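This report refers to the structure that appears directly beneath it.
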Amino acid sequence: MSLLSLQNVTKKFGGLTAVNDVSFTVEESSIIGLIGPNGAGKTTVFNLITGNYEPLTGSITFEGGAINGEKPFRIVERGIARTFQNIRLFQQMSLLENVLAGRHCRMRAGLLSSMFWLPSQRREERAAVERAMQELAFVGLDSEFDNEAGNLSYGNQRLLEIARALASDPRLVILDEPAGGMNDQETAALSDLIGAIQKRGITVLLIEHDMNLVMKICQKLVVLEYGAKIAEGTPEEIKSNPKVIEAYLGVSDDE
């Protein structure tokens, strides 16, 4: 069943066409990779899905409903969360506080409850802290809950971003180069983590340049070049696609 669908989506910045008539679907409970050379338009596609940009033409639907032109916070409320290529954390806040920021969209206490610290507000706050700690434990960072985010290693900061995204109760998590800056051991742990996210029934869409990781965990790959889709299929199909080999994966010296 399709959870997310892009149909003939185009985005231009002045005279530059960043995304050119791109269509693909993301099936529920799957792990889908969006790959291609630098400048192929991958992050622009993510920004279109998450409401940071609005398509010039085409449609984007999530759970059957159009999300074109929705504000980013509304997109999160509808069940799409993301991480970023360039880490965006509150560096001087604790790990717990960073994850609580991701939980905020699910908190429903009103202004009066918050102002007067009513029992309903206190219950909701306790529940939010408990959930945030669960997500920190899920990514292996619960023992450092009171540490400042800026004190973490680069790889652990990426894990913290994932925990914050998961705290918003997403149906779809969008990961933008989650293995960036990680060593081999951290990347292997990330692979297991993404598999565990899928087992929770959460769909994953990711941009990633680590082809070993992508080929291992993705059920389907979508390949972009110069803003246009040039291929779509299983990892095995993509590895043998001549257009992809020429544009991205490279040709051996023997060929």
Side-chain angles (χ1 to χ4, degrees), residues 1-10 19-50 58-64 79-83 85 158 162 165 170-180 182 184 186-252 254-255:
M1 177 177 145
S2 174
L3 181 68
L4 176 75
S5 177
L6 282 72
Q7 294 295 325
N8 307 113
V9 172
T10 295
V19 175
N20 187 9
D21 197 35
V22 168
S23 299
F24 66 88
T25 60
V26 175
E27 291 73 29
E28 191 170 1
S29 300
S30 63
I31 302 174
I32 308 297
L34 185 63
I35 67 172
N38 289 329
K42 304 181 299 295
T43 295
T44 302
V45 169
F46 274 16
N47 285 330
L48 288 165
I49 295 169
T50 57
S59 65
I60 304 175
T61 59
F62 180 70
E63 295 186 311
I80 301 176
R82 71 171 297 178
T83 65
Q85 181 179 355
R158 291 208 174 272
I162 293 173
R171 296 286 313 284
L172 170 67
V173 170
I174 296 177
L175 306 177
D176 196 345
E177 297 193 26
M182 290 187 172
D184 290 344
E186 290 171 331
T187 300
L190 175 66
S191 175
D192 293 338
L193 177 63
I194 293 174
I197 292 172
Q198 183 189 31
K199 288 178 181 178
R200 287 173 56 170
I202 300 170
T203 305
V204 179
L205 174 62
L206 76 153
I207 294 172
E208 185 51 63
H209 288 290
D210 187 323
M211 286 297 100
N212 290 328
L213 175 63
V214 166
M215 296 296 176
K216 177 182 177 182
I217 66 173
C218 292
Q219 285 83 58
K220 182 175 81 173
L221 298 175
V222 177
V223 188
L224 300 183
E225 184 186 25
Y226 299 119
K229 185 178 79 174
I230 61 169
E232 180 176 355
T234 66
E236 287 302 316
E237 291 169 338
I238 293 302
K239 279 197 296 187
S240 59
N241 186 298
K243 289 183 179 180
V244 178
I245 293 171
E246 181 180 358
Y248 185 48
L249 296 181
V251 180
S252 71
D254 298 331
E255 297 176 353

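What you see is a predicted model; the values in this text were computed from it and never measured. We're numbering straight along the sequence, starting at 1.
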Beyond-backbone contact of Leu206 with Ile174, side-chain heavy atoms, under 4.5 angstrom: no
Verdict with reasoning, Val45 to Val19, per side chain to side chain contact (heavy atoms under 4.5 Å, CB included): CA-CA 7 Å; Val45 169; Val19 175; 3.8 Å; yes
Between Arg158 and Gly180 (side chain of the first, backbone of the second, donor and acceptor by atom type, cut-off under 3.5 Å), is there such a pair? yes
Start with the C-alpha gap between Ser30 and Glu28, add the side-chain angles, then the distance that decides, and say whether side chain to side chain donor-acceptor pair (under 3.5 Å) holds. CA-CA 6 Å; Ser30 63; Glu28 191 170 1; over 6 Å; no
If you round to the nearest 0.5 Å, how far is CD1 of Ile194 from CG of Leu190? 4.0 Å
Quick check: do Ile49 and Leu205 have side-chain heavy atoms less than 4.5 Å from each other? yes
If you measure from CD on Gln219 to CD1 on Ile31, what distance do you get to the nearest 0.5 Å? 5.0 Å
Side-chain heavy atoms of Leu221 within contact of Met215, under 4.5 Å: yes
Rounded distance (nearest 0.5 Å) linking atom CD1 of Ile80 with atom CZ of Arg82: 11.0 Å
I'd like to check Leu3 versus Phe62 (side-chain heavy atoms, cut-off strictly below 4.5 Å). Are they in contact? yes
dist Glu208:CD -> Glu177:CD (nearest 0.5 Å) comes out at 6.0 Å
Could you tell me which non-hydrogen atom of Glu27 sits nearest to which non-hydrogen atom of Thr203, and how far apart they are? O-CG2, 3.4 Å
I would like to know whether Leu224 and Ile35 meet side chain to side chain contact (heavy atoms under 4.5 Å, CB included); could you show each step before the answer? CA-CA 6 Å; Leu224 300 183; Ile35 67 172; over 6 Å; no
Between Ser191 (side chain) and Thr187 (backbone), is there a donor-acceptor pair under 3.5 Å? no
Can you tell me if CG on Asp184 sees more than 12 non-hydrogen neighbours from other groups inside 6.0 Å? no
Which pair of non-hydrogen atoms, one from Pro178 and one from Met182, has the smallest distance, and what is that distance? O-CE, 3.5 Å
Within-4.5 Å side-chain heavy-atom neighbours: Val204 and Ile32: no
If you apply the rule side chain to side chain contact (heavy atoms under 4.5 Å, CB included), what do you find for Ile207 with Phe46, and how did you get there? CA-CA 9 Å; Ile207 294 172; Phe46 274 16; 3.4 Å; yes
Does the Lys220 side chain pair with the main chain of Thr25, one donor and one acceptor, at a distance under 3.5 Å? yes
Thr61 (side chain) donor-acceptor with Gly64 (main chain) under 3.5 angstrom: no
Contact check, side chains of Glu237 and Pro235, non-hydrogen atoms, under 4.5 Å: no
For the CD1 atom of Ile202 and the OG atom of Ser29, what is their distance to the nearest 0.5 Å? 9.5 Å
CD/Glu232 to CD1/Ile238 distance, rounded to the nearest 0.5 angstrom? 8.0 Å
Look at the side chain of Lys42 and the backbone N and O of Pro37, then say whether any donor-acceptor pair between them is shorter than 3.5 Å. yes
Under 3.5 Å, side chain of Ser23 to main-chain N/O of Asn8, donor-acceptor pair present? yes
Heavy-atom side-chain contact between Ile60 and Leu4 under 4.5 Å: yes
Inspect the contact between Glu246 and Lys243 and indicate whether a charged nitrogen and a carboxylate oxygen are less than 4.0 angstrom apart. no
Check whether any side-chain heavy atom of Val9 lies under 4.5 Å from a side-chain heavy atom of Asp21, and answer yes or no. no
